[in-house]
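Quick note on labels: first sequence line is chain A, next is B, and so on, each numbered from 1.
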2 protein chains.
Amino acid sequence: MFAKQVNLVIVDDHPLIIQGLKALLSSHEQLNVLASFTKGQDVIAFLLGQEVDVVILDISLPDCNGMDICREIKTMAPATRVIALTNHNERSLIMQMLQNGANGYLLKNASSEELISSITQVMNGQLSFSTGIEEIITQPAVYEQGPVPKLTRRELEVLKLIAAGETSTVIADRLCVSPLTIEMHRRNLLQKFKAKNVAVLIRMSFQLGLIK
Amino acid sequence: MFAKQVNLVIVDDHPLIIQGLKALLSSHEQLNVLASFTKGQDVIAFLLGQEVDVVILDISLPDCNGMDICREIKTMAPATRVIALTNHNERSLIMQMLQNGANGYLLKNASSEELISSITQVMNGQLSFSTGIEEIITQPAVYEQGPVPKLTRRELEVLKLIAAGETSTVIADRLCVSPLTIEMHRRNLLQKFKAKNVAVLIRMSFQLGLIK
DNA sequence: AAATATATACTGGTTTTCCAGTATTTTTGG
DNA sequence: CCAAAAATACTGGAAAACCAGTATATATTT
């Protein structure tokens with residue numbers, strides 16, 4: 001199955017997920033878990049001094065954005081394969097991860113067999129996806145989004161206040177600017193998300209993990 | 001630590017979580033995992049023919065609502081302890097689970113020690129919570145919600161269409177009713193969620209797992 | 001230093017939401 | 001069968017969002 005020993009690293013903020021992955025991988029002799037981390041920056045530091053074949057990487061990490069970590073990993077260690085492991089199945093996120101160099105994309109409800117198969121595939125130089133993910137990627141979405149919107153500091157601030165239910169007038173008072181400025185931020189946010197109104201803006205922000 | 005053998009059952013839609021829990025629990029002789037399920041209804045069927053000490057129960061299950069399963073378990077087997085294991089830390093959900101009879105509430109980022117400790121506590125007849133959960137429960141929320149809103153079939157239908165970004169006029173056309181009817185549904189939804197506008201409505205609906 | 005992006009702010013206007021109250025019909029539960 | 005809940009619908013009106021375009025100042029990037 002594996003031509004040689006495969007060295008892996010796990011990054012997930014759930015100790016139980018890490019535990020489960022270790023238990024699963026340990027029943028395969030040639031799969032060797034070198035380390036596990038609950039923070040993204042720790043894996044970057046680790047990779048500076050250690051060569052790793054596969055990183056299994058959660059997207060939602062407490063200290064940073066898994067997508068950025070993915071890009072960083074591929075920048076510093078291009079030969080290292082990255083398999084995203086996440087609950088998110090939004091096409092935008094999947095495409096963004098692939099754009100950032102991910103070799104695989106698994107959902108957390110994947111089976112053991114699926115995980116092992118995925119590791120095999122990426123080690124063979126292939127891309128690997130959970131059941132259903134390929135379908136999500138390939139079928140043109142009814143509402144086609146571009147990449148995940150990149151928000152400025154101010155836009156994110158305004159978005160959070162909108163999500164908290166505040167009106168433009170209240171937000172303007174809070175941020176000491178004109179209500180017309182906030183209206184302009186709203187318009188820009190709607191355009192970036194290709195959203196027709198606040199309902200879609202909030203929903204997509206949630207789905208993309210921009211707000212919790 | 002445990003006066004006697006503790007029989008447990010795990011219900012979670014993530015095989016990796018189940019794997020992790022099993023690995024963890026198996027290193028404690030007196031903790032005996034009888035079975036695991038990825039569907040809520042399966043655990044109910046199991047409990048009909050088997051006495052269980054502790055059920056570790058995810059709230060988000062694919063076939064049903066973990067909160068309802070919790071209530072069902074406590075109805076049919078009051079002596080069985082239920083520990084919720086979830087990613088949600090909204091006060092409403094925590095209170096609802098306690099209301100439905102849960103004995104513990106853990107977040108999925110809990111450590112191994114925390115889990116074992118929780119099992120110990122519930123077996124001793126105590127309530128048990130993840131770090132931080134007690135704080136969430138005890139501090140009066142800035143925006144105090146009541147219990148998780150119970151939506152009618154029609155209300156949920158309208159909510160989903162609102163979340164999809166449709167206006168009241170469009171929703172009315174879709175459902176073959178007057179736009180004024182939809183406006184009335186909107187008003188009722190805002191009242192049930194104690195939301196001041198659609199932004200809060202959508203945000204809370206996602207936070208409470210009512211829509212995905 | 002220059003180009004670009006961001007933040008800010010305005011005019012003028014339409015659409016939509018939110019609000020409060022009221023009323024009737026239909027459905028559901030006891 | 002009856003009471004209660006849900007669904008439906010209306011009047012009248014204010015507040016807020018959404019829209020399109022335009023403009024200037026500041027910050028950032030090249």
Side-chain angles (χ1 to χ4, degrees), chain A residues 65 68 71-72 75 143 145-206 210-211, chain B residues 65 68 71-72 75 143 145-206 210-211:
Chain A
N65 184 324
D68 292 336
R71 194 195 303 114
E72 262 186 88
T75 297
Y143 54 99
Q145 270 90 41
V148 180
K150 194 79 175 174
L151 302 188
T152 67
R153 212 182 63 89
R154 195 60 147 179
E155 283 170 341
L156 184 58
E157 194 170 17
V158 171
L159 176 63
K160 285 176 176 174
L161 288 167
I162 293 174
E166 307 295 358
T167 62
S168 293
T169 303
V170 169
I171 297 173
D173 282 345
R174 179 81 59 89
L175 302 185
C176 305
V177 295
S178 163
L180 297 167
T181 298
I182 302 303
E183 284 293 308
M184 198 66 226
H185 283 306
R186 270 180 187 273
R187 201 192 312 180
N188 293 338
L189 283 166
L190 292 179
Q191 276 176 349
K192 283 194 171 184
F193 283 81
K194 294 188 176 66
K196 52 179 123 170
N197 55 27
V198 152
V200 177
L201 182 65
I202 300 302
R203 175 174 60 79
M204 286 183 62
S205 297
F206 232 88
L210 289 167
I211 55 177
Chain B
N65 184 323
D68 292 336
R71 196 195 300 115
E72 261 186 88
T75 298
Y143 54 99
Q145 271 91 40
V148 180
K150 193 79 174 174
L151 303 186
T152 66
R153 212 182 63 90
R154 196 60 148 177
E155 284 171 341
L156 183 58
E157 193 169 19
V158 170
L159 177 62
K160 285 175 176 173
L161 289 167
I162 293 174
E166 307 295 0
T167 62
S168 292
T169 304
V170 169
I171 296 173
D173 282 346
R174 180 80 60 89
L175 302 184
C176 304
V177 295
S178 164
L180 296 168
T181 298
I182 302 304
E183 285 293 310
M184 199 65 226
H185 283 306
R186 271 182 188 271
R187 203 192 310 179
N188 292 338
L189 283 166
L190 292 179
Q191 275 175 351
K192 282 193 171 183
F193 284 79
K194 294 189 176 68
K196 52 181 125 172
N197 55 28
V198 152
V200 176
L201 182 66
I202 300 303
R203 176 173 60 77
M204 286 182 62
S205 297
F206 269 94
L210 289 169
I211 54 180

* Can you check whether Val158(B) reaches Leu175(B) side chain to side chain, under 4.5 Å on heavy atoms? -> yes

* Of all the nucleotides listed (dC18(D), dA9(C), dA9(D)), which has the minimum atom distance to the side chain of Leu180(B)? -> dA9(D)

* Roughly, in whole Å, what's the span from CZ in Arg187(A) to P in dC18(D)? -> 12 Å

* For the side chain of Ser178(A), counting heavy atoms from C-beta on, which of dC10(C), dC19(C), dT11(D) is nearest? -> dC10(C)

* Which is true for Asn197(B) with a 4.0 Å heavy-atom rule: it touches a base, it touches only sugar-phosphate, or it touches nothing? -> sugar-phosphate

* Asked: Just checking Arg186(B): base, sugar-phosphate only, or nothing, at a heavy-atom cut-off of under 4.0 Å?
  -> sugar-phosphate

* Asked: Side-chain N or O of Thr167(A) less than 4.0 angstrom from OP1 or OP2 on dA17(D)?
  -> no

* To do: Compare the minimum distances between each of dA9(D), dA7(D), dC18(C) and the side chain of Glu155(B), then state the nucleotide with the smallest one.
  => dA7(D)

* Asked: Is the number of heavy atoms from other residues, nucleotides or ligands within 6.0 Å of NZ (Lys160(B)) greater than 12?
  -> no

* Asked: Less than 4.5 Å apart, any side-chain heavy atom of Arg186(B) and any of Leu201(B)?
  -> no

* To do: Between dA7(C), dC18(C), dC10(D), spot the one nearest the side chain of Thr152(A), thanks.
  => dA7(C)

* Asked: In whole angstrom, what separates His185(B)'s NE2 from dC19(C)'s P?
  -> 17 Å

* Show your working on side chain to side chain contact (heavy atoms under 4.5 Å, CB included) between Leu151(B) and Phe193(B) and close with a plain yes or no. => CA-CA 10 Å; Leu151(B) 303 186; Phe193(B) 284 79; 3.8 Å; yes

* Asked: Taking only N and O in the side chain of Thr181(B), is any of them less than 4.0 Å away from OP1 or OP2 of dA9(D)?
  -> yes

* Over how many whole Å does the gap from Met184(A) atom CE to dC10(C) atom P extend? -> 13 Å

* Asked: When the distance from CG of Leu201(A) to C1' of dT16(C) is rounded to whole Å, what number comes out?
  -> 16 Å

* Check the distance between dA17(D)'s P and Leu159(A)'s CG and give it to me in whole angstrom. => 14 Å

* Asked: Out of curiosity, Leu156(A) CG to Ile211(A) CD1, how far, rounded to the nearest 0.5 Å?
  -> 9.0 Å

* Structure fact -> To the nearest angstrom, the CG-P distance between Leu161(A) and dA17(D) comes to 12 Å

* Asked: Rounded to whole angstrom units, what separation is found between the NZ atom of Lys150(B) and the P atom of dT28(C)?
  -> 16 Å

* Side chain of Arg154(A): nearest nucleotide among dA7(C), dT8(D), dC18(C)? -> dA7(C)

* Which whole-number value in Å describes the distance from Leu190(A) CG to dT15(C) P? -> 18 Å

* Sugar-phosphate, base or nothing in reach of Ser168(A), heavy atoms under 4.0 Å -> sugar-phosphate

* Structure fact -> Walking DNA chain D from its 5' end, the first of Lys192(B) and Pro179(B) to be reached, judged by nearest nucleotide, is Lys192(B)

